[in-house]
Amino acid sequence: MTKWVPPLGLRFSLPPLLLLAAVIAPVHAYGKLKVGFYRQSCPDAEAIVRRIVTMAVEDDLTVTAPLLRLHFHDCFVRGCDGSVLLNSTKTNIAERDAKPNLTLDAFNVIDAIKEKLEKKCPGTVSCADILAVAARDAVSLATKVVTKGEWREGGNLYEVETGRRDGRVSSAKEAAEELPDSFDEIQKLIKRFKSKGLGIKDLVVLSGAHALGNSHCPSLEKRLRNFTAEDDMDPTLDKTYAATLKQQCTSPDDNMTEVQMVPGRSSTFDSTYYRLVKENKGLFHSDEALLSNGATKMLVYGYMSSEKRFLKDFGVSMVNMGRADVLAGSEGEIRRTCAVLN
C-alpha cells in the first residue's frame, strides 16, 4: 500500500506494525455499548471518522483492508480496547510489534482521525471506538451495493455500537498466542473463535474479510514448498493457482512481494472470496480449512450463492466481534494519543 498523506496539513510516518483478535465481553461491559453513544458528547464524531476515511480511500483504494484488519487484530487480543495501537516501550514489547502483526498498516489514518477528534471533542472518543467505526466505514466504501445507494443503512453496511474505552495493557506475547494463523486447521480455528465467544457462523463470515487486500509471501510459503514430507505443495490448493503463486513468490524470505487475496478484485468487498474457496483457490490454508467441516462448508456454499445474505451476516458478526471483552464506564481510559498511554 502506498503511504497516505493525512489531510489538514498533518504528516505521520508509518509506525511499526500491529495485530488481530477477539473475546466476547461480559454482559456488564458490552451492555453499555450502543449505537450513537457520542450523540450528545461529540455529535460529529462518526462524521469526522467517515470524512477522513473517505479521503484516505480516495487517495488509495488499498487502505480499506488495513483499516479493517486493525479492528480485527485489536479485538482478538484483550478484546476491542485499542491496545493494538500502543507503541512498545523500553520495558514492554507491545502487540503491534508481535511477529504476526508486522504487516499491519494505516495507523496514520487512525492518528489523523484522533487528532481531529481531540480538537473537536477533547478526551471524549476512544481509540477503540475509532478503530470500530473506521473499519465499518472502510468496508462500506469498498462495497458497491452500499456506495451505489442500494443498501438500507444510508451508506453504512451496518451500524456500529460505541462506548468502548481504551485499555492500558498491550503484549506482543499475548498477540502471538491469541491471533489466528494462516496455517490453522479448522478445529483450531473453531477453538480460537469459541474462546472469544464467537461461533462457527462468525468464523466463516468474518473469514470473508479476506475479500479485501493483499498478503505477503511468507503467509503462504509453506503451502507452495515443503508442505509435508509427502507433499511439496498443499494438496488442498488448486495446482494451477499454486503454479501462479510460485511465480509471484520465488523466495521463502520475500517480505516485499504482495499477493492479492482475490485476484483482480482486492479492493472490492463482495462474496467472490467464497467462490475461490470452493474452487480451492483460497490464498491461506485456513481459507481452505473451511471446506473440511460440514457446517463451515455449508456456510461457504451459502454465502457464495447469496451475496445479500453474506453482507447482512457480516454486519451482524462484526457487531458480535466488536463486543469482545470491551472496557466501558469507568474502566480503562480515553487516550489523548492512540499510540501512548495518558
Side-chain angles (χ1 to χ4, degrees), residues 1-15 17-18 38 42-74 84-85 103-121 125 127 129-160 162 208-216 258-273 307 311 314-315 318 322 338-339:
M1 190 190 81
T2 56
K3 182 178 177 180
W4 174 70
V5 179
L8 311 173
L10 303 176
R11 294 294 183 270
F12 298 91
S13 59
L14 249 83
L17 305 145
L18 298 106
Y38 298 108
C42 191
D44 295 331
E46 291 196 28
I48 288 170
V49 176
R50 185 56 162 256
R51 185 160 61 247
I52 295 179
V53 170
T54 300
M55 293 173 71
V57 172
E58 288 174 348
D59 186 66
D60 179 5
L61 288 174
T62 69
V63 79
T64 54
L67 287 171
L68 187 54
R69 285 188 73 209
L70 278 176
H71 183 44
F72 283 170
H73 288 219
D74 184 41
V84 71
L85 300 173
T103 56
L104 289 182
D105 206 341
F107 298 108
N108 54 336
V109 181
I110 301 302
D111 289 340
I113 294 168
K114 181 60 174 174
E115 182 163 319
K116 182 65 175 178
L117 285 170
E118 283 300 302
K119 290 179 179 178
K120 185 75 174 181
C121 311
V125 182
C127 299
D129 277 343
I130 292 172
L131 286 175
V133 177
R136 186 274 311 277
D137 291 349
V139 75
S140 296
L141 291 167
T143 307
K144 290 188 175 178
V145 296
V146 175
T147 56
K148 288 179 179 178
E150 299 169 5
W151 199 259
R152 66 179 181 275
E153 297 292 354
N156 296 321
L157 185 58
Y158 57 94
E159 294 300 330
V160 176
T162 46
H210 289 168
L212 284 177
N214 307 313
S215 187
H216 294 79
E258 293 188 344
V259 181
Q260 291 185 325
M261 297 297 297
V262 175
R265 299 179 63 86
S266 63
S267 61
T268 300
F269 189 70
D270 57 25
S271 61
T272 304
Y273 161 82
E307 185 166 302
L311 295 176
F314 185 82
M318 286 293 285
C338 289

Non-hydrogen atoms of L104 and R69 that approach each other most closely: CD2-CZ, 3.5 Å
Would you say that W151 contacts K144 through its side chain, given a criterion of any heavy-atom pair below 4.5 Å between the two side chains? no
Looking only at heavy atoms, what is the nearest atom pair of H210 and V262, with distance? O-CG2, 3.9 Å
Only counting residues at least two apart or in another chain, list the ones meeting salt bridge (charged side-chain N to carboxylate O under 4.0 Å, His left out) with K120. D44
Trace of the side-chain contact (heavy atoms from CB on, under 4.5 Å) decision for D74 with L85: CA-CA 8 Å; D74 184 41; L85 300 173; over 6 Å; no
Going by the rule side-chain contact (heavy atoms from CB on, under 4.5 Å), which residues pair with A65 if we only count those two or more places apart in sequence or in a different chain? L212
Point-to-point distance, once rounded to the nearest 0.5 Å, from CD of E307 to OG1 of T143: 8.5 Å
Return the set of residues passing side-chain hydrogen bond (donor to acceptor under 3.5 Å, both in side chains) with Y158 (not counting sequence neighbours), or none when no residue passes. none
Applying side chain to side chain contact (heavy atoms under 4.5 Å, CB included) between V53 and each of V63, T64, L141, V133, report the one that passes. L141
Please report the closest heavy-atom contact between F72 and A209, naming both atoms and the distance. CE1-CB, 3.2 Å
Of all residues at least two apart in sequence or in a different chain, which pass the salt bridge (charged side-chain N to carboxylate O under 4.0 Å, His left out) check with R265? D270
Main-chain N/O of L157 paired with S140 side-chain donor or acceptor, under 3.5 Å: yes
Looking at OG1 of T62 and CD of E258, how far apart are the two atoms once the value is rounded to the nearest 0.5 Å? 7.5 Å
Partners meeting salt bridge (charged side-chain N to carboxylate O under 4.0 Å, His left out) with E159 (sequence neighbours left out): R136
Please name all residues satisfying side-chain hydrogen bond (donor to acceptor under 3.5 Å, both in side chains) with Q260, sequence neighbours left out, ordered by chain then number. S266
Would you compute the distance between atom CD1 of I130 and atom CD of E46 and round it to the nearest 0.5 angstrom? 11.5 Å
Are any side-chain N or O atoms of K116 and backbone N or O atoms of V49, one a donor and one an acceptor, separated by less than 3.5 Å? no
Out of curiosity, I113 CD1 to N108 CG, how far, rounded to the nearest 0.5 Å? 10.0 Å
Rounded to the nearest 0.5 Å, how far does CG of D137 lie from CZ of R51? 11.5 Å
I need the minimum non-hydrogen distance between S267 and A142, along with the two atoms involved. O-CB, 3.7 Å
Report the C-alpha separation of L67 and I110 in whole Å, then their side-chain angles, then the decisive distance to 0.1 Å, and conclude whether the side-chain contact (heavy atoms from CB on, under 4.5 Å) test is met. CA-CA 8 Å; L67 287 171; I110 301 302; 3.9 Å; yes
Rounding to 0.5 Å, atoms OH (Y38) and CG (L117) come to a distance of 9.0 Å
Assess whether side-chain contact (heavy atoms from CB on, under 4.5 Å) is satisfied between V145 and K148, documenting all intermediate values. CA-CA 5 Å; V145 296; K148 288 179 179 178; 5.9 Å; no
Of all heavy-atom pairs linking G155 and V146, the shortest is O-CG1, 3.3 Å
For V125 and K114, which heavy atoms make the closest approach, and how far apart are they? O-NZ, 2.7 Å
